[in-house]
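The next block holds one structure in the form of structure tokens; read it before the comments.
Residues take their numbers from the sequence shown, with the count starting at 1.
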Amino acid sequence: MLDLIVRNASLPDGRKGLDIAVQDGRIVAVMPAVDAEAAREIDAAGRLVAPPFVDSHFHMDSTLSLGQPRLNESGTLLEGIALWGELKPHLTVESIKARALELCRWSIARGTLAIRSHVDVCDDRLLAVSALLEVREEIKPWIDLQLVAFPQDGYLRSPTAVDNLKRALDMGVDLVGGIPHFERTMGDGAASVRVLCELAAERGLRVDMHCDESDDPLSRHVETLAAEAKRLGLEGRVTGSHLTSMHSMDNYYASKLIPLIAEAGLHAVPNPLINITLQGRHDSYPKRRGMTRVKELMAAGVNVAFGHDCIMDPWYSLGSHDMLEVASMGLHVAQMTGIAEMRQAFDAVTANGATVMGLEDYGLEPGCHADFVVLQAADPVEALRLKPARLFVVRRGHVIAETPPVASRLALDGEELSVDFSRTVQ
């Protein structure tokens with residue numbers, strides 16, 4: 001007797017008509033017509049079964065704080081940072097935890113079961129660090145949460161950030177972060193990258209750095225980040241997040257930079273919803289898109305994942321932690337409308353994000369954790385088009401969220417009709 005069987009599933013790679021058998025929290029078979037019984041069976045009815053969605057760049061300490069103490073009227077990155085600075089003195093562990101746990105419930109309902117969150121360490125009390133460490137433990141049965149020690153006010157610019165970041169790592173934060181473009185000078189920014197990468201290498205930790213979140217084409221700290229990854233043997237363990245200045249760089253310099261990023265094994269995490277909202281604010285027309293060169297990075301072999309970044313906070317007033325919304329915006333802005341490109345966009349919020357986070361046993365093969373989502377869609381492209389209901393969210397073989405199939409009822413000329421937008425006319 002198996003624990004769970006999902007019958008007649010379609011997988012993101014195009015395979016169809018497969019059963020997924022689960023025992024003791026792991027997938028034990030993926031094949032047609034598994035000849036076994038299970039304590040629970042789910043009929044996918046040909047619908048898409050995908051591995052969990054992954055948000056590889058988020059800020060859980062600020063999430064759902066919209067309007068506290070005021071709104072970001074200019075919509076700029078810098079006003080968002082200033083607003084967060086106004087809120088920090090009023091934070092409590094209890095308020096941060098309450099908002100973060102509420103966000104986690106949203107995440108589970110939408111099938112987002114892995115999140116990498118940056119946590120500000122420029123508050124000497126380290127309240128956010130304490131709160132999110134507790135959240136990480138409380139949600140462990142449902143969500144894989146990684147925390148990045150993030151010096152929001154600048155590692156060298158903020159007077160206590162150097163000590164605070166080390167304290168946060170000593171408390172159990174998982175990764176080393178940074179924000180070189182927010183240091184006082186380009187030289188300080190480059191120096192912060194070198195010191196932080198050395199700290200990560202000494203401690204055997206990964207690096208995830210906010211890098212070049214700017215419209216300035218001369219903001220080139222990712223070049224230093226790639227060089228340090230190579231120098232310190234951190235290939236595959238370093239992520240450059242945002243990288244928005246690349247959308248303003250000339251093509252010659254980008255043609256030099258992108259191979260360097262690939263050679264260093266850097267992961268790239270743009271955040272489509274936020275990058276196109278915050279960037280280009282000083283432009284008249286034409287306005288820059290504000291997102292890094294996704295297609296070119298992917299073509300060079302760089303692992304690119306999309307992050308949500310913010311939800312209802314000083315930087316972004318919208319969002320519901322639906323990673324399909326993120327992927328959809330990403331493919332539109334990057335003009336990734338070919339079939340293969342749209343499937344790459346789907347990978348950017350699933351498998352690619354898992355690679356960024358270094359998640360073990362992620363996927364839909366025998367031996368992987370039995371973590372997956374049954375969607376009311378036939379394939380990844382349809383999922384991106386519809387952002388459909390997550391019919392079942394499964395974690396370690398247990399259904400942890402269910403949503404009934406969505407259909408509209410129409411009354412035309414006295415006749416009641418049902419419309420299912422996931423079905424296409426043959």
Could I get the full list of side-chain hydrogen bond (donor to acceptor under 3.5 Å, both in side chains) partners for D215, not counting sequence neighbours? H247, Q279
Under the side-chain contact (heavy atoms from CB on, under 4.5 Å) rule, what do I143 and I108 come out as? Steps first, then yes or no, please. CA-CA 8 Å; I143 293 177; I108 292 166; 3.8 Å; yes
Using the ring centroid of each side chain, check whether H210 and H242 are separated by less than 6.0 Å. yes
4.5 Å side-chain heavy-atom contact, R203 and K166: yes
R293 side chain to N251 side chain, donor-acceptor N/O pair below 3.5 angstrom: yes
Run the side-chain contact (heavy atoms from CB on, under 4.5 Å) test on V54 and T350 for me, step by step, so that the C-alpha distance in whole Å, both residues' side-chain angles and the decisive distance to 0.1 Å come before the verdict. CA-CA 5 Å; V54 178; T350 52; 5.6 Å; no
Pairing of R385 and E382 as salt bridge, 4.0 angstrom limit: yes
R281: which residues meet the side-chain hydrogen bond (donor to acceptor under 3.5 Å, both in side chains) condition with it, sequence neighbours left out? none
Are the charged groups of D61 and R99 less than 4.0 angstrom apart, N to O? no
Between I179 and Y155, is there a side-chain heavy-atom distance shorter than 4.5 Å? no
What's the spacing between S62 OG and L87 CG if we round to 0.5 Å? 8.5 Å
Heavy-atom side-chain proximity of F306 to D55 below 4.5 angstrom: no
Does a side-chain heavy-atom distance below 4.5 Å link V30 with I27? yes
When V148, V135, L132 are each screened for side chain to side chain contact (heavy atoms under 4.5 Å, CB included) with S117, the one that passes is L132
Are side-chain N/O atoms of T92 and S95 paired as donor and acceptor at under 3.5 Å? yes
Charged N to carboxylate O below 4.0 Å: is that the case for R206 and E235? no
For C122 and A161, work out which heavy atoms get closest and say how close. SG-CB, 4.0 Å
Between W106 and I311, is the side-chain contact (heavy atoms from CB on, under 4.5 Å) condition met? List the steps. CA-CA 11 Å; W106 295 14; I311 293 176; 4.0 Å; yes
Not counting sequence neighbours, list each pair that qualifies as a salt bridge (Lys or Arg N to Asp or Glu O under 4.0 Å) and has a residue in residues 364-374. R15-E365, D371-R395, D371-R396
Are the side chain of S214 and the backbone N or O of D216 linked by a donor-acceptor pair below 3.5 Å? yes
Salt bridge (Lys or Arg N to Asp or Glu O under 4.0 Å): which pairs involve residues 245-267, sequence neighbours left out? E223-K256, K230-E263
Any chance the rings of F150 and H59 have centres within less than 6.0 Å? yes
Measure from NZ or CZ of R116 to the centre of the six-membered ring of F58 and say whether it is under 6.0 Å with the direction within 45° of the ring axis. no
For the residue pair R110 and S320, establish whether any side-chain heavy-atom pair is separated by less than 4.5 Å. yes
Sub-6.0 Å ring centroid separation between H57 and H118: yes
Modelled atom types, side-chain donor and acceptor of H267 and N303, under 3.5 Å: yes
Heavy-atom pair with the smallest gap, counting every atom of V49 and L364: O-CD1, 3.3 Å
Suppose the criterion is salt bridge (Lys or Arg N to Asp or Glu O under 4.0 Å): which pairs have a residue in residues 87-97, not counting sequence neighbours? K88-D120, K88-D153, K97-E134, K97-E138
Could you check L145, I139, T112 and say which one makes a side chain to side chain contact (heavy atoms under 4.5 Å, CB included) with C104? I139
Do the side chain of Q376 and the main chain of V406 share a donor and acceptor less than 3.5 angstrom apart? yes
Partners of E296 by salt bridge (charged side-chain N to carboxylate O under 4.0 Å, His left out), sequence neighbours excluded? none
Quick check for you: to the nearest 0.5 Å, what is the distance between L331 atom CG and L384 atom CG? 6.0 Å
Please tell me whether D124 and T160 have a donor and an acceptor in their side chains that are separated by less than 3.5 angstrom. yes
Quiz question: by atom type and distance under 3.5 Å, do the side chains of T244 and E213 form a donor-acceptor pair? no
Test D19 against R7 for salt bridge (charged side-chain N to carboxylate O under 4.0 Å, His left out), laying out the working first. CA-CA 4 Å; D19 292 352; R7 302 283 189 188; 2.7 Å; yes
Distance col, row E341:CD vs M298:CE, nearest 0.5 angstrom, shows 9.5 Å
Report yes if some heavy atom in the side chain of H90 is under 4.5 Å from a heavy atom in the side chain of P69; otherwise report no. no
Ignoring hydrogens, what is the shortest heavy-atom contact between M342 and M336? Give both atom names and the distance. CG-O, 3.3 Å
Validation row: L266, V222 side chains within 4.5 angstrom (heavy atoms): yes
Nearest heavy-atom contact between D3 and Q23 is N-OE1, 3.2 Å
Look at the aromatic rings of W84 and W315 and report parallel, tilted or perpendicular, splitting at 30° and 60°. tilted
Checking H321 against S107 for the side chain to side chain donor-acceptor pair (under 3.5 Å) test, could you report, in this order, the C-alpha distance in whole Å, the side-chain angles of both residues, the deciding distance, and whether it holds? CA-CA 6 Å; H321 220 195; S107 307; 2.6 Å; yes
Check the pair R136, D174 against salt bridge (charged side-chain N to carboxylate O under 4.0 Å, His left out), reporting the backbone distance first and the verdict last. CA-CA 11 Å; R136 186 182 67 184; D174 305 288; 3.0 Å; yes
Name the one of L318, T63, L66 that satisfies side chain to side chain contact (heavy atoms under 4.5 Å, CB included) with M312? L66
CA sep, side-chain torsions, deciding dist, call: S245, R220, side-chain contact (heavy atoms from CB on, under 4.5 Å): CA-CA 8 Å; S245 68; R220 299 175 173 180; 5.8 Å; no
How long is the straight-line distance from CD of E183 back to OG1 of T185, given to the nearest 0.5 Å? 8.0 Å
I'd like to check P388 versus L48 (side-chain heavy atoms, cut-off strictly below 4.5 Å). Are they in contact? no
Under 4.0 Å between a side-chain nitrogen and a carboxylate oxygen: does that hold for R70 and E79? yes
Rounded to the nearest 0.5 Å, how far does CZ of F372 lie from CD1 of I20? 5.5 Å
Would you compute the distance between atom CZ of F346 and atom CE of M323 and round it to the nearest 0.5 angstrom? 11.0 Å
Test side chain to side chain donor-acceptor pair (under 3.5 Å) on D379 and S10; report intermediate values, then the result. CA-CA 7 Å; D379 55 49; S10 296; over 6 Å; no
Is a side-chain donor or acceptor of T403 paired with a backbone partner of R390 at a separation under 3.5 angstrom? yes
